Asker: 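This is the structure, below, for whatever I ask next.
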There are 2 protein chains.
Amino acid sequence: MATIGDVAREAGVSRSTASYALSGKRPISEEVRLRVLAAAEALAYTPNAGARALATSQTKVLGLLAQFHEDEFAPAMMQYILGVTDTARDLGYDTLLVTEADGARALRRITDSRMVDGVVLMNIAQEDSRLPILRAAPQPGALVGLPGDCSGLDVFDLDFEEAGRGMVDHLHRLGHRELILVSQPEHVVERGGAYVWRLRDAALERARQLGVTLHAVYGASRQPAVGRLLNALLDAHPSATGLLINNEAAAAALPSVTYERGLRVPEDLSVIGRYSAEFAATFSLPYSFIESAPDRLGAMAVRQLVRRVESAAARSEPFVVRFISPELVSRGSTAPPKAPPVR
Amino acid sequence: MATIGDVAREAGVSRSTASYALSGKRPISEEVRLRVLAAAEALAYTPNAGARALATSQTKVLGLLAQFHEDEFAPAMMQYILGVTDTARDLGYDTLLVTEADGARALRRITDSRMVDGVVLMNIAQEDSRLPILRAAPQPGALVGLPGDCSGLDVFDLDFEEAGRGMVDHLHRLGHRELILVSQPEHVVERGGAYVWRLRDAALERARQLGVTLHAVYGASRQPAVGRLLNALLDAHPSATGLLINNEAAAAALPSVTYERGLRVPEDLSVIGRYSAEFAATFSLPYSFIESAPDRLGAMAVRQLVRRVESAAARSEPFVVRFISPELVSRGSTAPPKAPPVR
DNA sequence: CATAACTGTCGAACCGGTTCGACGATAACG
DNA sequence: CGTTATCGTCGAACCGGTTCGACAGTTATG
């Protein structure tokens, strides 16, 4: 494999001249520049990444820490990952994907060893053991997901509070007065998945303000448990006219449940979900939903991260916490309730 | 950040001694060894990955090239990726995930620059433009998927021929004499997805041998097209008693189709799929299926790759093409056909 | 016309590890 | 007791880039 020394020799110049000719960081005569370029081309020269990293302290690699929990919906993760890898590549970076269970140790490994120029963290927990390590690391970091303490980091997330309020508002405007909210399973919450209660608490608060009854429950993550749960809920609250779903598995299971019960959507039951457009397409879900835009979030995180990586000025800017406003994608699964709410 | 020079100074020894004390590659007195270890601990020393890579020509990183096509089923990919990243980590390697559309260029970039010690390729096409590059690369490579030309590479895949034969045999034994096979969409084939016709041609051949009628058709990749297609097929072949599905989207769509048509499985229709257990669980599919074991394939590829990376002897061993034998996971979705086949 | 500024190139140092050869001290050997 | 291994350590070189300072030659400036 050719080194820059080989290129220099082939072009009849010194190593430093070859380097400058290739990088353009100093003026080099047109004639020499072309000779060096030709030599590099002829020898199929590619700089050695390790050597360059050593000399420049830049690896052009970003770390991506993702965690996979058995009980969470793995396919959804793919969208986030693609948002990150594709955007990173556009900006000239490769992506080191780390899925180790012990995220804190993995983070320490890749930052201390200088394998990466920056890190994106996903599956953020309320109290996330990786955050102190990331704050202390020499590389900048960005989070996809909102932790309890955002200090010292750039944070990107869907505005789950607004999503919760939006769902309730929407159905209230149509005349609904009794709703059910199915959240993620309880262990997601126990693990620190704050987005679950952020949406739920905001929805409950808004419902209270509007005088709407809202039954908020934890869901399950798998069939057949989640199907049974949905049936039990509809049995338990026969007068509820609207269903809010912040749980992928429940959304995927709902069509068969309504079908079996002979419920028509939206005539008998209005439904709003919260998931990604990709997810909706994959499962061909017929419900209006609040788009969680995983690819956009991943892309935003990477762009901000790269800004900080590449500019000392950007590195000293104040940290941002940026929420994507929820957008309701209408699929016609909501309508005024059949029986006017006289209660 | 502490370097090995800092550790050496702190321990009062030379840099080389510190290096030997940490690596154990030369005998070092117990006393000095402990001093060095203590110094390293105190300074939170972690070797610089770039410097180590430069000195040893080993990065302890594997490349993983995956391609995402709009019309393929993205969630399934996640399983392969996890199989690779988890196994790599167990063996001491991190994973560089590359999802670039131009896979050949990406492959050249990461191999020429020596960012990785080896490469795993996924989504292998019959004529795959990445293969010549991988063969010429200085790093070893492993494929998950069978290309037209396997020379010079280790290849791992499900035995799709055997899977096709197994499906036909199974239903033939139960007494079925007319079957339908739904494959992936035609453009997957056009793109070089050989596994589609490997399964189909083997199934057709076996059906011919057994005197079974087999209607083999391309499927669609999305709803509602795939649902319409299933309905059209069942309309067109009312006497068919068994359905073989080599198409994730079709498998996911089938329950609602049978439900709407009032078909009972297996009483009115026997069904066998080909997908992963994880997929079956996610969509809670009630069908017997041939397990495609993506995580196992990813793990096998990585293990072989690492063997070649780490041992010169292994590097000169002959290349392997290894097929996982299909395993039928029974979910009770097949039974003898209702009307005995008198035709 | 002397001086300053600029242009284009080179040599040397550096990034942070690993590894080879040498060397003094100690132990084993005949 | 002299010779040879062995042990433990050090200095130096190397991996393959980048970058700083110097310098010769040319052009602009006062």
Side-chain angles (χ1 to χ4, degrees), chain A residues 1-37 39-40 43-61 109-117 138-139 310, chain B residues 1-37 39-40 43-61 109-117 138-139 310:
Chain A
M1 200 95 246
T3 73
I4 201 168
D6 300 330
V7 173
R9 193 171 330 111
E10 176 86 9
V13 299
S14 73
R15 292 202 307 148
S16 52
T17 300
S19 176
Y20 287 125
L22 291 169
S23 71
K25 292 190 182 172
R26 275 198 187 177
I28 294 285
S29 72
E30 186 63 10
E31 185 224 333
V32 168
R33 208 177 58 79
L34 291 178
R35 265 210 330 268
V36 171
L37 259 44
L43 300 174
Y45 168 70
T46 310
N48 179 299
R52 175 169 279 176
L54 183 55
T56 63
S57 337
Q58 275 214 22
T59 63
K60 290 288 178 178
V61 173
R109 184 182 66 246
I110 66 173
T111 54
D112 282 1
S113 68
R114 300 308 229 281
M115 298 177 82
V116 294
D117 292 340
Q139 299 96 335
E310 296 189 342
Chain B
M1 200 93 249
T3 73
I4 201 168
D6 300 330
V7 172
R9 193 171 331 109
E10 176 84 8
V13 299
S14 73
R15 294 202 306 147
S16 52
T17 301
S19 176
Y20 286 125
L22 291 169
S23 72
K25 293 191 182 170
R26 275 198 189 177
I28 294 287
S29 72
E30 187 64 10
E31 185 223 332
V32 168
R33 207 176 59 80
L34 292 178
R35 267 212 328 269
V36 171
L37 259 44
L43 299 175
Y45 167 71
T46 311
N48 179 300
R52 174 169 279 178
L54 183 56
T56 62
S57 340
Q58 274 216 23
T59 62
K60 288 289 176 179
V61 173
R109 184 182 65 245
I110 66 173
T111 54
D112 282 1
S113 67
R114 300 308 230 281
M115 299 178 80
V116 295
D117 292 340
Q139 299 95 335
E310 297 190 341

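Quick note on labels: first sequence line is chain A, next is B, and so on, each numbered from 1. Remember, predicted model here, so these are calculated numbers, not experimental data.
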Asker: Calculate the interatomic distance between A/R35 atom CZ and C/dG8 atom C1'; express it in whole Å.
Answerer: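 From A/R35 CZ to C/dG8 C1': 12 Å.
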Asker: For the helix from C/dC1-D/dG30 to C/dG30-D/dC1, what angle lies between the axis at the first five pairs and the axis at the last five pairs, to 10 degrees?
Answerer: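 End axes: 50° apart.
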Asker: With sequence neighbours excluded, what pairs up with A/A49 under the side chain to side chain contact (heavy atoms under 4.5 Å, CB included) test?
Answerer: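 In terms of side chain to side chain contact (heavy atoms under 4.5 Å, CB included), with neighbours along the sequence ignored, A/A49 is linked to B/S113, B/M115.
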Asker: First locate atom CG of A/L22, then atom CD1 of A/I28, and finally report the distance between them rounded to the nearest 0.5 Å.
Answerer: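 Output value for this atom pair is 9.5 Å.
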Asker: What one-letter contact string describes nucleotides 17-27 of chain D from 5' to 3', where B marks a base within less than 4.0 Å of any protein heavy atom, S marks contact via sugar-phosphate atoms alone, and - marks no contact?
Answerer: BBBBBB-----
Asker: Can you sort out the partners of A/R33 under salt bridge (Lys or Arg N to Asp or Glu O under 4.0 Å), two or more places apart, ordered by chain and number?
Answerer: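 For A/R33, the residues satisfying salt bridge (Lys or Arg N to Asp or Glu O under 4.0 Å) (neighbours in sequence not counted) are A/E30.
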Asker: How would you list, by chain and number, every residue that makes a side chain to side chain donor-acceptor pair (under 3.5 Å) with B/E310, sequence neighbours excluded?
Answerer: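 B/E310 satisfies side chain to side chain donor-acceptor pair (under 3.5 Å) with B/K60, B/Y93 once adjacent residues are dropped.
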Asker: Return the set of residues passing side chain to side chain donor-acceptor pair (under 3.5 Å) with B/R52 (not counting sequence neighbours), or none when no residue passes.
Answerer: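 Side chain to side chain donor-acceptor pair (under 3.5 Å) check on B/R52 returns nothing, list empty.
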Asker: Report the distance from atom CD1 of B/I28 to atom C1' of D/dT6, rounded to the nearest whole Å.
Answerer: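 So the CD1-C1' distance, B/I28 to D/dT6, works out to 14 Å.
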Asker: Could you state the CZ-P distance from A/R9 to C/dC10, rounded to the nearest angstrom?
Answerer: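 Spelled out: CZ on A/R9 to P on C/dC10 is 14 Å.
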Asker: Please enumerate all residues that pass salt bridge (Lys or Arg N to Asp or Glu O under 4.0 Å) together with A/D6, with sequence neighbours excluded.
Answerer: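 Listed in chain order: A/R9.
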Asker: Sequence neighbours left out, what passes salt bridge (Lys or Arg N to Asp or Glu O under 4.0 Å) with B/R35? Give chain and number order.
Answerer: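 With sequence neighbours excluded, B/R35 shows a salt bridge (Lys or Arg N to Asp or Glu O under 4.0 Å) to B/E31, given in chain and number order.
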Asker: I need the CZ-P distance between A/R114 and C/dG16, as an integer number of Å.
Answerer: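 In whole Å, C/dG16 P lies 8 Å from A/R114 CZ.
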Asker: Would you mind classifying the nucleic acid contact of A/S29 as base, sugar-phosphate or nothing, using non-hydrogen atoms under 4.0 angstrom?
Answerer: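 The residue A/S29 makes sugar-phosphate contact but no base contact.
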Asker: Which side chain to side chain donor-acceptor pair (under 3.5 Å) pairs, counting each pair once, include a residue from residues 17-29 of chain B, with sequence neighbours left out?
Answerer: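 Sorted result for residues 17-29 of chain B: B/S14-B/T17.
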